There are 2 protein chains.
Amino acid sequence: MGSTLGRRLPVMADVAKEAGVSHQTVSRVLNDHPNVRSETRTRVLEAIDKLGYRRNLVARALVTKHSRTLGVVNFDTTLYGPASTVYGIEQAARAAGYFVSIVSLKSIDKAGVRDALDYLSDQGVDGVVVVAPQRSAAQALADLPLGKPTVAVEGGEAGSVSVVCVDQVEGGRLATEHLLSLGHETVWHVRGPSDWLEAEGRVAGWRAALREAGREAPRPLAGDWSPRSGYEAGRSLASMKNVTAVFVANDQMALGVLRAFTEQGVRVPEEVSVVGFDDIPESEFFSPPLTTIRQDFDAVGRHSIEVLVRQLQGGPQEHERLVVPPRFVTRLSTTRVNA
Amino acid sequence: MGSTLGRRLPVMADVAKEAGVSHQTVSRVLNDHPNVRSETRTRVLEAIDKLGYRRNLVARALVTKHSRTLGVVNFDTTLYGPASTVYGIEQAARAAGYFVSIVSLKSIDKAGVRDALDYLSDQGVDGVVVVAPQRSAAQALADLPLGKPTVAVEGGEAGSVSVVCVDQVEGGRLATEHLLSLGHETVWHVRGPSDWLEAEGRVAGWRAALREAGREAPRPLAGDWSPRSGYEAGRSLASMKNVTAVFVANDQMALGVLRAFTEQGVRVPEEVSVVGFDDIPESEFFSPPLTTIRQDFDAVGRHSIEVLVRQLQGGPQEHERLVVPPRFVTRLSTTRVNA
DNA sequence: CACTCTTTTGTTAACGCTAACAACCCTTGA
DNA sequence: TCAAGGGTTGTTAGCGTTAACAAAAGAGTG
């Protein structure tokens, strides 16, 4: 009464016997070694097929020291941005022949990052992508002794590690310049949490665009990316007299802003123009459809794997910094000011 | 000029020498074997600490046949539901001491599922959670010879595999009953794609509630979960005369429906009441805030890991079916009909 | 004090694979 | 015909861990 399915899984030696060769020859066939007679190769392949053999990657990893697995450290995969980035990373990694092992952190202190890295390292990953959108995470990463090739996504100042990110400053600038070009006197800003680098970048772009146009930058309103925080900021803005244009740091908060305006009877875009950031799938169907800045998360994921794989293959040791440009998407939430 | 950091990582034998014991004793300490003198244990622990030793889990996996890694197969992690489920799975798995390796599929045919399972199996995962919301995926799973403990999330009729899912029928019923209780003569439905089990379940619940109330079920409008498909359905509905209540199969489509209604001058909820499904973070800030059915994705993730771990620890061999109840969330998109 | 029984520790042999080397086969050219 | 040289195959030795057994050291008993 065999407890499981009876026969044990075939190993290389079984294939070797079946094909009448040595296990090493089987190994050679499997690894595309050039010096194998094609007739022998065929015989081995047939034996593999017949026995349903699959090579044991754990054993392989033990001797080669490569697991062909990449680690990903992330924070809150529930948000559209991180989720999309991880998706892009996963797809790109698999296309490059790597497995992906994921750790999603709740908190982002240094201890958390270290633990995650240790955890992945124990498991034998060949390299790591850390999605580190918060200053603390980026800092932790910079401070940590990294035993393996590592790429930071949205990870700040580079230096000790390669970075792939979207040009947030440019995005903030695009949004603001668009609003100014429509004739708005100034542009208000609902910003993301100060601990987030992306939030800082967008603020910086907004500030720069205003400064270059010779305008005063109003005090930005604080948000935490959530629709609710946008809603609250929206209520504040609705109660002010001179607001005609708002750049909101992400689409979710923009939704909250729109909701608050609707409730207060402020019409968008007739009275106030609103620009968001991210271009989540929903934005096109907000009321009104949201003008926003699109981030190509897919490209970010792809590039981060490219950079990492390049490092793994012994590429240049210097740390790269790869910046993905954002794209402006115009819809109906903005319009020319009619004075 | 050592290329990397010079010295090789310490192994068990190094620790053994340092502590003046055999490597097997070190192994025993590491595995909490009871029969180790506490003084010896301390000595070993100190040596481990001194050398910064970390055990090689790959070697361990080779001999124990357990990798303490769980595989997750998923489709489109960009959607809120799947993303949240995976997040829940990952958290629960880590809490249970397992690593998580993820494969995100684009297509969901049998070949895709088989490949994903093979891929994970090659890597040596101990068990697999397959998020299989589509009939084809569930079917593929049922047909495949599963070499490892497997749990399907939203995976259909059980039978050959354990299943954890949200009670979609009940959800559809809740939504419909709510609308009927408000005095609506009947309830229209914008459904999800027909090969999704969740879509079918919601349709079934909607039908059942109407039947039990002795009402005719109108022909459901087809959608594909996207806001755009909801928008198109909404335009159709807006052009009809007798529509006063709509149950939309997910919140994203509901957003599209709301948008179409707004464009056509149909007021919600005054003229038409709308109920969604999922309770994504945005729904509370739609215009109007959306009455919807909440799915506890976190619980689904947790339960799927519980079931899987139970199987891994040699629990009952019968396949379980665990159903998570949905929850009704009332907001402002529905109201009593005033005849 | 001899004897058994229980802890505690060490020794040896896998796990399934690849790397390194050795051995063999066949060409090829003198 | 033989030697040299390349292509092809086999043999051996690990990789770093745990399992199984063996040995040594204490504890308890008459």
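Keep in mind that this is a model prediction, so the values were computed, not measured. Computation of the quantities below employed the complete heavy-atom set of this structure, encompassing side-chain atoms and omitting hydrogens, waters and symmetry-equivalent molecules. Per chain, numbering begins at 1; letters A, B, ... match sequence-line order.
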*Under a 4.0 Å N-O cut-off, is there an ion pair linking R114(B) with D118(B)?*
no
*Look at D14(A) together with R8(A) and state whether they make a salt bridge at an N to O cut-off of under 4.0 Å.*
yes
*asked:* Are more than 12 heavy atoms, taken from residues, nucleotides or ligands other than K50(A), located less than 6.0 Å from that residue's NZ atom?
replied: no
_Is any side-chain heavy atom of Y98(B) closer than 4.5 Å to one of V309(B)?_
yes
_Where chain A begins and ends its contact with DNA chain C, read 5' to 3' at 4.0 Å from heavy atoms_ = dG16(C) to dA20(C)
_Could you work out how much the helix from dC1(C)-dG30(D) to dA30(C)-dT1(D) bends, comparing the axis of its first five pairs with that of its last five, to 10°?_
50°
*Do S162(B) and Q311(B) meet the criterion of a side-chain donor-acceptor pair at a distance under 3.5 Å?*
yes
*Close side-chain approach of E90(A) and V103(B), heavy atoms under 4.5 Å*: yes
*Can a donor-acceptor pair be found between the side chains of S101(A) and Q123(A) at a distance below 3.5 Å?*
yes
*With a 4.0 Å heavy-atom cut-off, tell me which residues in residues 39-59 of chain B come close to DNA chain C, sorted by residue number.*
T40(B)
*Leading and trailing nucleotides of DNA chain D with any atom under 4.0 Å from heavy atoms of chain A*: dT8(D) to dG16(D)
*Taking the side chain as every heavy atom from C-beta outward, state whether L30(A) and I48(A) have any atom pair closer than 4.5 Å.*
yes
*Identify which one of L70(B), V100(B), T69(B) satisfies the side chain to side chain contact (heavy atoms under 4.5 Å, CB included) criterion when paired with V125(B).*
T69(B)
*Heavy-atom side-chain contact between V113(B) and Q139(B) under 4.5 Å*: no
*What are the residues of residues 21-36 of chain B, sorted by number, that bring a heavy atom to within less than 4.0 Å of DNA chain D?*
H23(B), Q24(B), S27(B), N31(B)
_ring-ring contact (aromatic ring centres under 6.0 Å, His included) involving F75(A) - partner list, sequence neighbours excluded_ = none
_Check the orientation of F297(A) and Y80(A). Use parallel for under 30°, tilted for 30 to 60°, and perpendicular for over 60°._
perpendicular
*Taking C-beta and beyond as the side chain, do E306(A) and E320(A) meet within less than 4.5 Å on heavy atoms?*
no
